Amino acid sequence: MATETDEDRARAFLWELQAQIAQAGGRRQPRQGARWNEFVLETGRGMPGLSEEQLQQVVQFGATGQEHWPPCGPDEHPGGYLVIHMLADRLEASLPDTVPRPVLGMMATGEINAVTLLAPDSRTHLVVFEDELLNFANLFSKAVALAMPHERVGDQLAFSVDIDRVRRHVRESPEAVRRFREVVLAYLLEGRPSRAPQYFAPEGISNMGAILREGMELFVLGHEYGHVMAEHVADRKSRRRMLGTAEGEVTEVGWKWEQEVVADLLGWNLSLGAMSGQYGAALPHAGVELFFSACEILERAVPLLVTGENAPRRESPTHPPAALRRDLVRTHARARLEDDAEPLLELGTAIKEIVDVLWEQTAPVIADLHRQGAVPDARWTANL
């Protein structure tokens, strides 16, 4: 009989929390087996370009995962499990040395940043991601890509990030603003960006959105690997409300701001290492910038809906403000890349400006909702 390891105990605690949340919300996940096969096939058949043979390969892959992956929990979302461990594989492939994979999971946290939890009777930390992060990153990045003016050059689309052209494009083609509002409001009001209308953007725009999304996702995960690589020791522990769990609270591990900054810089290195061979450095950095802008949008949206005032959400006790994190990453990029950093930083600045343009068209809608008595989903206010 195999001896239970510290990691096994941590993963068992993760699965127990996921089961409690799924039971409380009436959302037990489709599992490997007949229900999982039906779930994947039904979803995949609604996606253009996927053959029946390819779908069957996805079904088989989802039933087993990779041999080196940990098992998927009974109430863990199979799609999230697949994506998060595929991202982990990409990060680890870019590392010169082996780094132990953290215990990774997804739950409703109300934090775009990952949350680190401490399991009872275990020294292993759980790295828990917001369970709607992947849906949010997908729709948010596509909306930003839609806001970029573009023209066809040969068989490729050439995108512009000139802010005057962006403003004109958004006025003349309002789909970007509509899609941006849909995802922000679905997340803010219902806690589920997956409730926003799903859509397929034209191929070139979809490709740009996918690259930005990859940069976001790899940075979020790379940040957590940064804590592992730097061998960070927790600064403090605190109780955190976790909606749907039996006790209502879990123990959260807190990092010093200095540790969070180090993790950001290492996460930036990792995300660029994983993507730059295919896309160069500027586009992966744009994904990192987009993550910081996404944090800022939700930091503004929640208090605007609650109070009607355009003031930032209260300061996090663990993570520095997104604006400070962005500035420190930019400083790091200049130090690492020197003169080669300028194109990268210019694109990053443009990404922030594009998101700000979309927010200008969305904030008045949220202010109107406040006046009508709307309130944010409980995940956003549980730990205020």
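Start at 1 with the first residue, then count along the sequence. Just so it is clear, the model here is predicted, and its values are computed rather than measured.
- No donor-acceptor pair closer than 3.5 Å links the side chain of Ser173 to the backbone N or O of Val170.
- Listed here is the closest heavy atom pair of Pro284 and Gly280: CD-O, 3.0 Å.
- At distances below 3.5 Å, not a single donor-acceptor pair connects side-chain atoms of Arg195 with backbone N or O atoms of Val183.
- For the residue pair His332 / Asp264, no side-chain donor-acceptor distance below 3.5 Å is found, with atom types taken as modelled.
- Closest of all the heavy-atom pairs between Pro149 and Val166 is CD-CG2, 3.7 Å.
- By the 4.5 Å heavy-atom criterion applied to side chains, Met107 and Leu14 are counted as neighbours.
- Here the side chains of Met106 and Glu132 are not in contact, with every heavy-atom distance at 4.5 Å or above.
- Residue Lys142 is tested with Phe200, Tyr199, Phe180 for a side-chain contact (heavy atoms from CB on, under 4.5 Å); the sole match is Tyr199.
- Scanning all heavy atoms of the two residues, the minimum distance from Trp257 to Pro321 falls at CH2-CD, 3.6 Å.
- For the pair Lys352 and Phe292, the cation-pi criterion (under 6.0 Å, within 45° of the ring axis) is not fulfilled.
- Between Trp255 and His227, the ring planes lie parallel to each other; the angle is under 30°, not in the 30° to 60° tilted range.
- Annotation: side chain of Asn269 is in contact with side chain of Arg336 (closest heavy-atom distance under 4.5 Å).
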List the steps and the verdict of side chain to side chain contact (heavy atoms under 4.5 Å, CB included) for Leu157 and Glu151.
-> CA-CA 6 Å; Leu157 282 186; Glu151 58 186 7; over 6 Å; no
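- Checked against the 6.0 Å centroid criterion, the rings of Tyr225 and Phe219 do not qualify as a close aromatic pair.
- Side-chain atoms of Ser206 do not come within 3.5 Å of backbone N or O of Pro202 as any donor-acceptor pair.
- Inter-residue side-chain proximity for Arg300 and Ile297 is flagged as met; some heavy-atom pair is nearer than 4.5 Å.
- Considering every non-hydrogen atom in both Asn138 and Arg213, the closest pair reads CA-CD, 3.7 Å.
- Linking ILVMFWY residues whenever their side-chain heavy atoms come closer than 4.5 Å, directly or via other members, leaves Val375 and Val184 in distinct clusters.
- Between Glu260 and Arg325, none of the side-chain N atoms (NZ, or NE/NH1/NH2) sits under 4.0 Å from a carboxylate O, so this pair counts as no salt bridge.
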Could you walk me through whether Glu309 and His370 pass the side chain to side chain donor-acceptor pair (under 3.5 Å) check?
-> CA-CA 9 Å; Glu309 298 179 3; His370 165 76; over 6 Å; no
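- Looking at Gln372 and Asp368, their side chains come closer than 4.5 Å, going by heavy atoms from C-beta outward.
- The side-chain contact (heavy atoms from CB on, under 4.5 Å) test with Arg167 singles out one residue from His169, Arg165, Arg171, and that residue is Arg171.
- Annotation: side chain of Leu133 is not in contact with side chain of Glu217 (no heavy-atom distance under 4.5 Å).
- Residue-environment remark: CD (Glu203) stays at or below the threshold of 12 foreign heavy atoms within 6.0 Å.
- Closest non-hydrogen pair, Pro197 versus Arg179, comes out as CB-NH1, 3.8 Å.
- In this structure, the ring of Trp69 has its center less than 6.0 angstrom from the ring center of Tyr81.
- With contacts defined as side-chain heavy-atom distances shorter than 4.5 Å, the pair Val355/Phe140 qualifies.
- Looking at Tyr187 and Leu139, their side chains never come closer than 4.5 Å, going by heavy atoms from C-beta outward.
- In plain terms, the two heavy atoms of Glu190 and Asp377 that are nearest each other are O-OD1, 3.3 Å.
- A donor-acceptor contact closer than 3.5 angstrom links the side chains of His285 and Trp268.
- In this structure, His150 contributes its side chain and Met148 its backbone to a donor-acceptor pair below 3.5 Å.
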